[in-house]
Amino acid sequence: MSRLPRLARLLRFAVVGGVNTLTFYGCYLALHPWLPYFAAYTIAFLFSMVGSFFLNTYFTYRTRPSWKKFLLFPLTQVTNYVVQSAGLVVLVNWCGLGTRIAPLLAAVLAIPFTYLVSTRILVPGSGVSASPGGVERGTGVGRTGDDGHTGDDGRMGDDGRAGDDGRTGDETQPVRSGGPA
């Protein structure tokens, strides 16, 4: 994927993140007077996570939502929850930041983690898995990117198109026998 589409996707992610953060924070503030801050935080997080899933599938990554993605998305958000929760506790208990502003700062600190995890789960083919020849899928040299194209080594992407130098990748594959190594 060229830099321009990645930048556009990152900008869409930022817009969705802003909407999601406002949703989260509005829910948090609404619940905070009646619940302990951490309970209000958790409920607001769960509510905004559902909205985040749909906004990210339709708008950021432009993929169709599926039950599989919907069920996996919360599992991947565990990292986000842990980072934000740890940040919240540190900011409130160790740094003395108020319970009204600490969730916002903790959410900002978790953005890079959220982007990486969301991309892996919502973009078909962006996860890292072994393929024939020992080349992994993902990004970088020798890997296929989100669009099935490769880095600089010219290996063939999932869409059957060759990389920059026109090779299919078969030329660089080791010859393997059926016997023990």
Side-chain angles (χ1 to χ4, degrees), residues 1-31 38-88 103-151 155-161 163 169:
M1 183 182 280
S2 72
R3 291 181 200 264
L4 192 56
R6 285 182 193 221
L7 180 59
R9 182 171 69 188
L10 184 58
L11 290 174
R12 290 190 308 266
F13 182 81
V15 168
V16 168
V19 169
N20 190 51
T21 300
L22 291 175
T23 302
F24 159 77
Y25 196 55
C27 290
Y28 174 77
L29 289 177
L31 295 170
F38 201 79
Y41 164 80
T42 301
I43 292 168
F45 183 90
L46 292 172
F47 180 74
S48 66
M49 186 172 54
V50 172
S52 177
F53 169 76
F54 287 106
L55 287 172
N56 276 305
T57 53
Y58 284 119
F59 181 68
T60 302
Y61 299 105
R62 299 185 177 173
T63 64
R64 292 190 316 192
S66 68
W67 280 108
K68 179 180 178 183
K69 289 177 188 176
F70 184 75
L71 294 173
L72 289 174
F73 190 72
L75 295 175
T76 63
Q77 292 297 303
V78 168
T79 301
N80 184 33
Y81 182 78
V82 169
V83 171
Q84 283 192 30
S85 298
L88 178 65
L104 272 180
L105 187 53
V108 169
L109 295 173
I111 288 172
F113 298 99
T114 307
Y115 180 75
L116 293 173
V117 170
S118 297
T119 300
R120 291 217 175 241
I121 209 61
L122 296 178
V123 177
S126 68
V128 176
S129 64
S131 65
V135 176
E136 292 180 326
R137 297 178 64 197
T139 58
V141 175
R143 297 172 183 224
T144 55
D146 297 338
D147 62 353
H149 286 93
T150 62
R155 292 189 184 271
M156 185 168 56
D158 294 336
D159 62 357
R161 291 183 285 181

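No side-chain heavy atom of Val15 sits less than 4.5 Å from a side-chain heavy atom of Leu11. Contact check for Phe73 versus Ser52: side-chain heavy atoms found under the 4.5 Å cut-off. Side chains of Tyr61 and Ser118 form a contact here, defined as non-hydrogen atoms less than 4.5 Å apart. Side-chain contact between Phe70 and Phe54 is present, with at least one heavy-atom pair separated by less than 4.5 Å.
For Phe47, the CZ atom counts as loosely surrounded, since its 6.0 Å shell holds 12 or fewer non-hydrogen atoms of other residues, nucleotides or ligands.
Across all non-hydrogen atoms, the minimal contact from Ala106 to Gly87 is CB-C, 4.0 Å. What you find for Arg64 and Lys69 is that their closest heavy atoms are O-NZ, 3.0 Å. The heavy-atom pair separating Leu31 from Ala44 by the smallest distance is CD1-N, 4.3 Å. Here the closest heavy-atom approach between residue Pro65 and residue Thr57 is recorded as CB-OG1, 3.9 Å. When all heavy atoms of Ala110 and Val83 are compared, the closest pair comes out as CB-CG1, 3.7 Å.
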Q: Assess whether side-chain contact (heavy atoms from CB on, under 4.5 Å) is satisfied between Phe53 and Leu122, documenting all intermediate values.
A: CA-CA 9 Å; Phe53 169 76; Leu122 296 178; 3.8 Å; yes
(Q) For a side-chain hydrogen bond (donor to acceptor under 3.5 Å, both in side chains) check, start with the C-alpha distance between Thr42 and Tyr81, then their side-chain angles and the critical distance, and finish with the verdict. (A) CA-CA 9 Å; Thr42 301; Tyr81 182 78; 3.0 Å; yes
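To the nearest 0.5 Å, the span separating OG1 on Thr63 from OH on Tyr58 amounts to 9.0 Å. Here SG of Cys27 is found 11.0 Å from CG of Leu22. Values are rounded to the nearest 0.5 Å. The line from OH of Tyr25 to CG of Leu104 is 5.0 Å long, rounded to the nearest 0.5 Å. Taken to the nearest 0.5 Å, the OG1 atom of Thr60 stands 10.0 Å off from the CG atom of Asn20. The distance from the CG atom of Leu7 to the CZ atom of Arg12 is 10.0 Å, given to the nearest 0.5 Å. Rounding to the nearest 0.5 angstrom, the gap separating the CG atom in Leu72 from the CD1 atom in Ile121 is 4.0 Å.
The distance between the ring centers of Phe24 and Tyr41 falls below 6.0 angstrom.
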